[in-house]
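Computed over heavy atoms, backbone and side chain alike; hydrogens, waters and symmetry mates excluded. On a predicted model such as this, the values are computed, not experimentally measured, just so you know.
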Amino acid sequence: MQEKRLHRLCSQPCNLMFLWYYSKSSTYCLSGPPPTITHQSPKDYIIDPRENIIIHCEAKGKPHPSFSWTRNGTHFDIDQDPNVHMRPHSGTLVVDISREKAEHFEGIYQCTARNKHGTAVSNNIVVRQSRSPLWSKDKIKPIVVQEGVSLILPCRPPAGLPPPIIFWMDNNFQRLPQSSRVSQALNGDLYFSNVLREDSRNDYICYARFPHTQTIQQKQPITVKVLNYDPVEERKPTFLIPSGPSSSKMVLRGHVLELECIAEGLPTPEISWTKVSSDFPAQRTSTLHYQKTLRIVNVSESDEGDYHCTARNQFGSAHHTIRVTVKAAPYWISGAPRNLVLAPGENGVLTCRASGTPKPSITWAMNGIPIENSPKDLSRKVEDDTIIFTDVQTGSSAVYQCNISNDYGYLLANAFVNVLSEPPRVLTPANKVYQVIKNHQALIDCASFGSPIPKIKWFKDSRSSILVGEPYILHDNGTLEIHIAQAQNSGKYICVAQNVLGIYENHVYLEVKEPTRILKQPEYKVIQRGRTVMFECKVKHDPSLFPTMTWLKDDGELPDDERFTVGSDSLTITDVTENDAGVYTCIRNTSLDVDTASAELTVVERPDPPSDLELTDKKQRSVQLTWTPGDEHNSPIQKFLIQYEDLLHHRGHWHNLTEVPGTKTTAHLKLSPYVHYSFRVLALNTVGFSHPSLPSKIYRTDPAAPDENPTGVQGFGTEHDNLVISWKPLSGLQSNGPRLHYRVMWRQKAVDGEWTTVTVANNSKFVVSGTPTFVPYELKVQAVNDHGVGPEPAIFHGYSGEDLPVAAPENVQAVVLNSTLAEVHWDPVPQKLIRGYLKGYKVYYWKERSLHKHNPHHVEKQILSFSGNHSHGMLPGLHPFSLYSFNVRVYNGKGEGPPSPTQQFEMPEGVPGAPTSLTVTNPNLDSLTLEWSPPHDRNGHITGYTLKYQPVNNSNELGPVEELALPANETSVTLLNLKYSTRYRFYLNAKTVRGAGPAISQEAVTIMDEAIPVAELLDCPLTSRPILMVVFSLLCSVQPESPFGNVSSSVGEDGALISWEYWGPEKNIYVEYIVENSEEEWQKEFVNGSRNVMLKGLKGGLSYRVRLVAKGHHDQPLHHSEELLVTVPAVASRQVDIATQGWFIGLMCAIALLILILLIICFIQRNKGGKYPVKEKEDAHTDPEFQPMKEDDCTFGEYSDNEDHKPLKGSRTPSNGTVKRDDSDDSLVDYGEGGDGQFNEDGSFIGQYSGKSASRDIAEGHESSEAPSPINAMNSLNSFV
């Protein structure tokens, strides 16, 4: 218990001066440092005589120091003075002045703090009380001066402590105005460079404010009377202060230098300053009092020199030189001496280095006693400003005082020397865990104590190697720094502190965490009042840290309002008001780091309506309208809309009059006669229009004759014998007066007759009857009211009514240009026979029949219109080798005229269309048959066919082209000597005398020749005759739901290459693609019969869903492939799940089907008991390696072909269903994925199933009658498939 108590006692904060010492029996605190002064009153301490005096002296040390004072150089016995007491645990004196005046305690005080290790002393504290003496009450005589002379009004306040602040005011306590002519000097006097009549007054009062006591003393008012009996002549400047051509000034380093030059003269002179041989320090120099005072702060030795001031007016100048010298009280060069903690036998130095002007003297003391009077110490040597300690020993601890002084001040510093001998101790808690953020600085502490100072070494995880060099930095205090911490820096760290007395080891841990980052930052929002706004703030953080979210508004807390909802990663504000506008900051912080993001919310609303509408500058045809804009609500007003109401003609309806920019608040409005106006104004910003302003006062204009006539005057006929005259009537605003009506005038244009006039009211048209058909007329409409007629109306033109044309075009003929294009010519119909506006000509044409005997007769009329006055036209898209009929008609606005006589023309032959179909039959080992149908559109006499074909390898590379010319009467051909197991592409087109037409294409694969000796695989007696197999892909011919397979992609610089296999019948194939998770429509890329397509223009960094689509007739469903996900720009993987590969599915189907066939054959053999014939050759040469199927489990034995000695084991089934004779180690691609060559371009299969091979002997008829042959069974299966 005693040890625990001592432990608690010693475990108070010791910093570097406190040490633990451990022994086997007890734990106790060792000695601490000597005293150190921590706080003291200023050297020059001016006190307020109305308050108690407090003289500060605070110090620290172990044990806690005791305090004593001296006053005026002698011991101050505090206990003997009842008015003075010392604060507990402190050296601070408190003097009670309630019974004794403060001036009784003025003097020089010095505090001493001591413990058993040494003594520290404070500065000499000069205590003086503040004084603010009164001015004498002597009455000052009035000053009478002549206008234009100079004048000095003295202030001369009584001396105070500290000196007072001077200012001049009048009886009303208003500061007297100062200028370049009148200004206050540094000594407080008021200087007039020249006096004016207006300077006469009786209340020039000088005030002195004593800042320490906050009192103000007032001098008696001075009266100044300025006379102008004898005007003073103008003169050049002379200096009032300083006097003579030169003067000097001394200033202390670090103080403020103020130089003053005040001159008199008439007119008032201007003052300027220069420095000889150098410039003023710009950052420290300023001028005051209208250039009369030069001020330099923080003076240094460089500010010494000669300063010139110049006073100048138009009559001359005056100069004065001020020589400035800079002195310096002592100041530290490298700082005050530092405390020393030394181990026995170590060396050390105390340095007290300072400077000053003049050079200061240095004295040393130990524990407050001059060092020459202190006990001798052989380990100590004093050399001017330095004390050198050599081989110090226990008991040499002390406090040393360094006093540096000259004529302008002194410096006093305490520094202790503490000699300790202690083993190392690490003060950093053991197993402490440091957590830092990745890429930030990590500082791992190893605070240690020992004497001599321990050396620190760091290890990580184990003590195998010292941590030195990058990325580690070891600081002098033992701290290990990792400048940029990474995840691999996490772990256990070992700090080892060692000196000659021992070694100490401490373990700590570092955890490097992922930083907290706001991924989705709040964005700037502009929201309308009353709406809802949401700021997002989504964060990514280390899983072991738990971030909190705080929202601020304008760097303050959110309003306490239920409209503000803080979610897990958002802030929502409902029913937004204008007060919600501001900057919102999201703060996501953890225990280690913080991330912030801000966004501004601007609340907008429609502007308030304008107000205070006023009409000025009123005239009959104009008025000026002014208004006051309403509140913009954070959205600048873009424009003002001015509306009017016509209370006379259209009450209750407002019309737009004009618009003005949003920066204007006045508009000059043009008015019409005979209107009772009322105006209002609307303001527009980005949100919308404001509510209208209140209406203005009514403004009435007088009536007048119309200013304009109706517009839009037209003349046209609705019948063949009338003329309708129409116009756009004037509005009430345009009427200009009461009883508006119209004068309507017309006359026939070709006849110089008189104008016929009628008056029309309340209408906008007039019908003239009995007119000739389609005759031109001149028209006029004039406005009239009770106050006169409108201006002379303009003449408009129109025509009376139209009638149908009465003639057909003549000289109609056709010219055939090519097999599908003809040109028709005709003579235009005369205008008078058209009887209306010519609209154009129409050509009616139709196909009578084809000139080919196989095409049926049909009539389908077509019409081509040629607008305007044409005389010819082209007839495109005609059928070659056909007979056409046609006629031509003219038409006007009323309708068509009679047709021209019908004529005919024949179209020549053209190139034929593609053959209707192309199929492949009877594919064999080296031959196959092509069958086709003639073109549907022969377009002439077929003269023959051209067949081209070429091999295609598995990479879709094309081989050499073979070409055959076929007669016109052929519809099939057998191609011999083809390569076996080869895919071919065929192109067939028809020809006429005009040339070859487009080709139809198809693909097919020749069958491979290899047999599977099924008989040898069975457990029943069979002859060894091979069975011919069909293409295994047809054995597994149940097609999947999608006709697409092996859809793959690869991404390159040019785009994404999509490849696939296709076995469907549809020809219309295209690729669709869309951005993943997008709601846009699928984009299409047609492929034109190829098996791959390059998708270009895809955006980098996005993923696309890609699929293939096969489209048949409109009543058939679409076929889609499985979707493929393509990522750009990353290279898409070409690996596909093997279970979805076509070759793998085909191989599994083939194996399953072979097993099924073998089971069927076995079942038939056991039921029938018959024998299967095989080749005699195989009967004669029985395979010695043959191992029959076991009867018990139907397992297979090994089989060896006598012809090529290649075993069946490990062989693979080819794509055409036969076993290859000469090559059994083709790749799986040949059998699975290589089968795509047996499909037409439109997806139809062209291969044929064959149960026999031309190279094999056919079984004997009587042998096959014994039992069903497996070959026949397989042929039956082929026909079923």
Side-chain angles (χ1 to χ4, degrees), residues 428-429 431-445 471 473 475 479-491 493 508-605 632-635 686-687 1077 1101:
T428 301
N431 300 316
K432 183 177 180 180
V433 178
Y434 292 87
Q435 294 180 332
V436 298
I437 295 297
K438 182 180 177 181
N439 295 325
H440 282 61
Q441 180 190 55
L443 294 175
I444 310 175
D445 293 330
I473 301 172
H475 292 273
T479 297
L480 182 67
E481 176 185 348
I482 304 174
H483 188 60
I484 302 177
Q486 301 296 325
Q488 61 267 25
N489 298 130
S490 298
Y493 286 81
V508 294
Y509 297 87
L510 175 64
E511 296 178 357
V512 180
K513 306 290 187 179
E514 289 295 324
T516 302
R517 290 291 178 265
I518 295 176
L519 301 180
K520 179 68 175 177
Q521 297 188 352
E523 299 176 347
Y524 173 71
K525 301 282 187 179
V526 178
I527 197 72
Q528 189 174 351
R529 185 174 59 191
R531 302 278 181 91
T532 297
V533 66
M534 183 178 73
F535 291 107
E536 290 186 284
C537 187
K538 296 183 178 179
V539 69
K540 178 184 178 183
H541 62 90
D542 191 277
S544 64
L545 301 177
F546 302 98
T548 61
M549 181 172 67
T550 304
W551 285 91
L552 302 179
K553 179 180 181 292
D554 297 329
D555 295 330
E557 294 184 357
L558 290 179
D560 185 12
D561 193 327
E562 61 182 7
R563 297 182 299 107
F564 289 76
T565 303
V566 177
S568 60
D569 52 11
S570 65
L571 170 65
T572 303
I573 309 173
T574 59
D575 192 18
V576 172
T577 67
E578 290 183 348
N579 292 333
D580 298 332
V583 176
Y584 288 83
T585 301
C586 168
I587 303 175
R588 302 300 296 260
N589 58 354
T590 65
S591 58
L592 299 181
D593 65 342
V594 62
D595 195 13
T596 63
S598 299
E600 185 177 0
L601 173 63
T602 300
V603 181
V604 298
E605 183 55 280
E632 296 179 342
H633 295 296
N634 297 322
S635 179
T686 55
V687 181
N1077 299 326

| Residue pair T686 / S635, side-chain donor-acceptor N/O under 3.5 Å | yes

| Just how far is it from atom CG of D445 to atom OG1 of T479, taken to the nearest 0.5 Å? | 4.5 Å

| request: Begin from the C-alpha positions of F535 and K525 and carry the test side chain to side chain contact (heavy atoms under 4.5 Å, CB included) through to its verdict. | output: CA-CA 8 Å; F535 291 107; K525 301 282 187 179; 3.3 Å; yes

| said: How long is the straight-line distance from CZ of R588 back to CZ of R517, given to the nearest 0.5 Å? | reply: 13.5 Å

| request: Sort out for me which residue in S490, S544, S591 forms a side chain to side chain donor-acceptor pair (under 3.5 Å) with K513. | output: S544

| said: Less than 4.5 Å apart, side chain to side chain, heavy atoms only: is that true for Y493 and Y434? | reply: no

| task | Hey, could you give me the OG1/CD distance between T590 and E514, rounded to the nearest 0.5 Å? | result | 12.0 Å

| remark: Here the pair of heavy atoms bringing S570 nearest to W551 is O-NE1, 3.9 Å

| said: Looking at every heavy atom in both C537 and I518, which two are closest together, and how far apart are they? | reply: SG-CD1, 3.7 Å

| request: List the atom of P522, the atom of A597, and the distance in Å for their closest heavy-atom pair. | output: CD-CB, 3.7 Å

| field | Minimum heavy-atom distance between V508 and I444, given as atom pair plus value | value | CG2-CG2, 3.4 Å

| Q521 side, atom CD; E523 side, atom CD - distance, nearest 0.5 Å | 9.0 Å

| Do Y509 and K432 come close enough that some side-chain heavy atom pair is under 4.5 Å? | no

| request: For I473, enumerate each residue passing the side chain to side chain contact (heavy atoms under 4.5 Å, CB included) test, keeping only those at least two apart in sequence or located in another chain. | output: H475, E481

| Under a 4.5 Å cut-off applied to non-hydrogen side-chain atoms, are I437 and N439 in contact? | no

| query | Are side-chain heavy atoms of T602 and Y524 found at a separation under 4.5 Å? | reply | yes

| said: So I482 and V512, do their side chains get closer than 4.5 Å, heavy atoms only? | reply: no

| Which value, rounded to the nearest 0.5 Å, describes the distance between L519 atom CG and E536 atom CD? | 11.5 Å

| request: Would you mind telling me which of L552, V583, D555 makes a side chain to side chain contact (heavy atoms under 4.5 Å, CB included) with S598? | output: V583

| message | For a quick test of reading the model, state the closest non-hydrogen atom pair linking H541 to L545 and the distance between them. | response | ND1-O, 3.1 Å

| Min side-chain heavy-atom separation V436-L510 under 4.5 Å | yes

| query | Can you check whether A581's main-chain N or O pairs, donor with acceptor, with K553's side chain at less than 3.5 Å? | reply | yes

| request: Quickly, which of V526, L571, L601 forms a side chain to side chain contact (heavy atoms under 4.5 Å, CB included) with V533? Name it, please. | output: L601

| said: Side chains of N634 and E605: any donor to acceptor distance under 3.5 Å? | reply: no

| request: Can you measure from OG1 (T585) to CD (E600) and round to the nearest 0.5 angstrom? | output: 11.0 Å

| query | Short question: side chain of R563, backbone of T574 - any donor-acceptor pair under 3.5 Å? | reply | yes

| Any sub-3.5 Å donor-acceptor pair from N589's side-chain atoms to V594's backbone N or O? | no

| said: A side-chain contact here means heavy atoms from C-beta on lying under 4.5 Å apart; do V604 and R529 qualify? | reply: no

| Distance only, no hydrogens: is a donor on one side chain within 3.5 Å (strictly under) of an acceptor on the other, for D593 and T516? | yes

| request: Determine whether more than 12 heavy atoms belonging to other residues, nucleotides or ligands lie under 6.0 Å from atom CD of E557. | output: no

| T572 versus T565, side-chain donor and acceptor atoms under 3.5 Å | no

| task | Indicate yes or no: at least one non-hydrogen side-chain atom of R531 is less than 4.5 angstrom from one of V576. | result | no

| query | Looking only at heavy atoms, what is the nearest atom pair of T532 and D575, with distance? | reply | OG1-N, 4.2 Å

| request: Taking D554 for its side chain and G582 for its backbone only, find out whether a donor-acceptor pair lies under 3.5 Å. | output: no

